[in-house]
Amino acid sequence: MTSRSSPSTHEPRPRRVLVLGGTTEAAALEPLLDGHPRWQATVSLAGRTRKPAPSRLPRRSGGFGGADGLAAYLREHAIDALVDATHPFARQISANAAAATRQAGVPLARLTRPAWEAGPGDHWVRVPDLEAAARALPPLGRRVLLTTGRQHLEAFEAAPALDYVIRTIDPPEPPPALPRVTWLHTRGPFTVADERRLLDEHAIDVLVTKDSGGAATAAKLQAARERGIPVVMVERPPDAPGVPRLHTPQAVLDWLQDLPLTHGASGAST
């Protein structure tokens, strides 16, 4: 009598995706991954924002120890895909993500908002970094609104004669050594009316911002255009070559769905 083996009823494990988050784009992606039948997501936060928005997905916080540490994490946790949804100016973590996924053989995609484009009536001065922004300021105005975040503000110590209004979510540590600063610690989004009022109340005559893109923080650009205020625009660092750049959470979900069944740090088939 010949015995027959019964067909396997083993269900493959969900595929695992790590999302490097902390942005509105990452937050918009989370509901699409929450309870997804094929993908099990974990969100990693750098830990710089003191009170991150709540999430239903598992989270980890803090660094990985560079590209090698991130590659080790991808292998240890059998991660099948990595989504870099960090800020467009999170240069180091994005570089680490590209290097780590090459080491671990894990697919990588970049979820990032489209860059801003100047329109009629805009007076933008594009610069490559904050140091260049500080050098560009003196001929443009005296009362400066800085909305570049709380890191590396010491670059503006090169232009100490100006009056600064610096808006950040959390206080910088340490603050820049500038003699005349008004601090605004607040979280957006801000309306165009909010931004008009801010420009008027502080008699702002030049705005410095990073090309973060997206609609959430674009109101200040419209307000500056209406007031005829020049904008010093810090350009984005370039993305790693060969990494897909996606602009919507649904595009990320489509990218995940199209990935091969066997790959990456786990080598698992699903």
Side-chain angles (χ1 to χ4, degrees), residues 12-27 29-30 33 36 38-50 52 55 57-113 128-131 149-152 154-155 170 172-174 210 212 234-246 249 251-253 255-256 258-270:
R13 67 161 178 83
R15 304 172 80 189
R16 296 171 183 156
V17 56
L18 177 66
V19 178
L20 305 180
T23 59
T24 55
E25 288 72 30
L29 175 61
E30 290 185 24
L33 293 172
H36 194 279
R38 293 184 58 197
W39 286 95
Q40 185 180 78
T42 299
V43 177
S44 178
L45 301 178
R48 294 193 180 102
T49 301
R50 294 176 180 175
S55 172
L57 295 178
R59 275 185 173 171
R60 67 169 302 281
S61 183
F64 293 93
D68 291 343
L70 178 53
Y73 181 95
L74 297 176
R75 296 187 187 100
E76 178 184 352
H77 294 270
I79 300 298
D80 296 290
L82 178 64
V83 176
D84 178 7
T86 58
H87 193 274
F89 284 82
R91 182 193 303 263
Q92 190 59 60
I93 185 59
S94 292
N96 289 346
T101 50
R102 286 195 300 267
Q103 288 184 40
V106 172
L108 168 66
R110 182 86 165 100
L111 172 58
T112 185
R113 63 199 80 160
D129 51 39
L130 294 180
E131 288 75 17
R150 67 189 184 101
Q151 293 187 300
H152 310 302
E154 68 276 4
D170 297 318
E173 298 173 355
K210 292 178 175 178
S212 301
V234 182
E235 296 182 325
R236 297 180 179 191
D239 289 334
V243 177
R245 182 187 299 181
L246 309 173
V252 172
L253 202 64
W255 174 78
L256 289 170
D258 290 341
L259 288 177
L261 294 181
T262 304
H263 57 73
S266 67
S269 178
T270 59

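The structure displayed is predicted, hence computed values, not measured ones.
- By the side-chain contact (heavy atoms from CB on, under 4.5 Å) test, H36 pairs with R38, W39, L253, Q257, sequence neighbours left out.
- Not one N or O on the side chain of R59 forms a donor-acceptor pair closer than 3.5 Å with the backbone of S44.
- Atom CD in E173 sits 5.5 Å away from atom CZ in R150 (nearest 0.5 Å).
- The minimum heavy-atom distance linking V234 with L130 is given by the pair CG2-CD2, 3.9 Å.
- The side-chain contact (heavy atoms from CB on, under 4.5 Å) test applied to R245 returns T112, D239, H247, not counting sequence neighbours.
- The heavy-atom pair separating G22 from L45 by the smallest distance is N-CD2, 3.4 Å.
- A98 approaches A240 most closely through the heavy-atom pair CB-CB, 3.6 Å.
- Across all their heavy atoms, F89 and K210 have their closest contact at CE1-CB, 3.4 Å.
- Each side-chain hydrogen bond (donor to acceptor under 3.5 Å, both in side chains) pair with one or both residues in residues 99-109, not counting sequence neighbours, appears once here: D68-Q103.
- Here the shortest heavy-atom pairing between A81 and L259 reads CB-CD1, 3.8 Å.
- By the side-chain contact (heavy atoms from CB on, under 4.5 Å) test, A72 is found to be paired with no residue, residues two or more places apart in sequence or in another chain being considered.
- Within the model, atoms CD of Q40 and CG of D80 stand 10.0 Å from one another, a figure rounded to the nearest 0.5 Å.
- Judged as a salt bridge (charged side-chain N to carboxylate O under 4.0 Å, His left out), and not counting sequence neighbours, the contacts of R113 are E25.
- By the side-chain hydrogen bond (donor to acceptor under 3.5 Å, both in side chains) test, T42 is found to be paired with no residue, residues two or more places apart in sequence or in another chain being considered.
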- Message: H77 vs L18, test: side chain to side chain contact (heavy atoms under 4.5 Å, CB included). Steps then yes/no.
- Response: CA-CA 10 Å; H77 294 270; L18 177 66; over 6 Å; no

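- Within the 4.5 Å cutoff, the side chain of W255 has heavy atoms near those of the L246 side chain.
- Across every non-hydrogen atom of A26 and V19, the tightest pair is CB-CG1, 4.5 Å.
- Counting only distance, with no hydrogens or angles, the side chain of T23 and the backbone of A85 share a donor-acceptor pair below 3.5 Å.
- Between D84 and R110, at least one side-chain N (NZ, or NE/NH1/NH2) sits under 4.0 Å from a carboxylate O, which counts as a salt bridge.
- Atoms CG and CG, on L29 and L256 in that order, are 7.5 Å from each other to the nearest 0.5 Å.
- Inter-residue side-chain proximity for Y73 and R60 is flagged as met; some heavy-atom pair is nearer than 4.5 Å.
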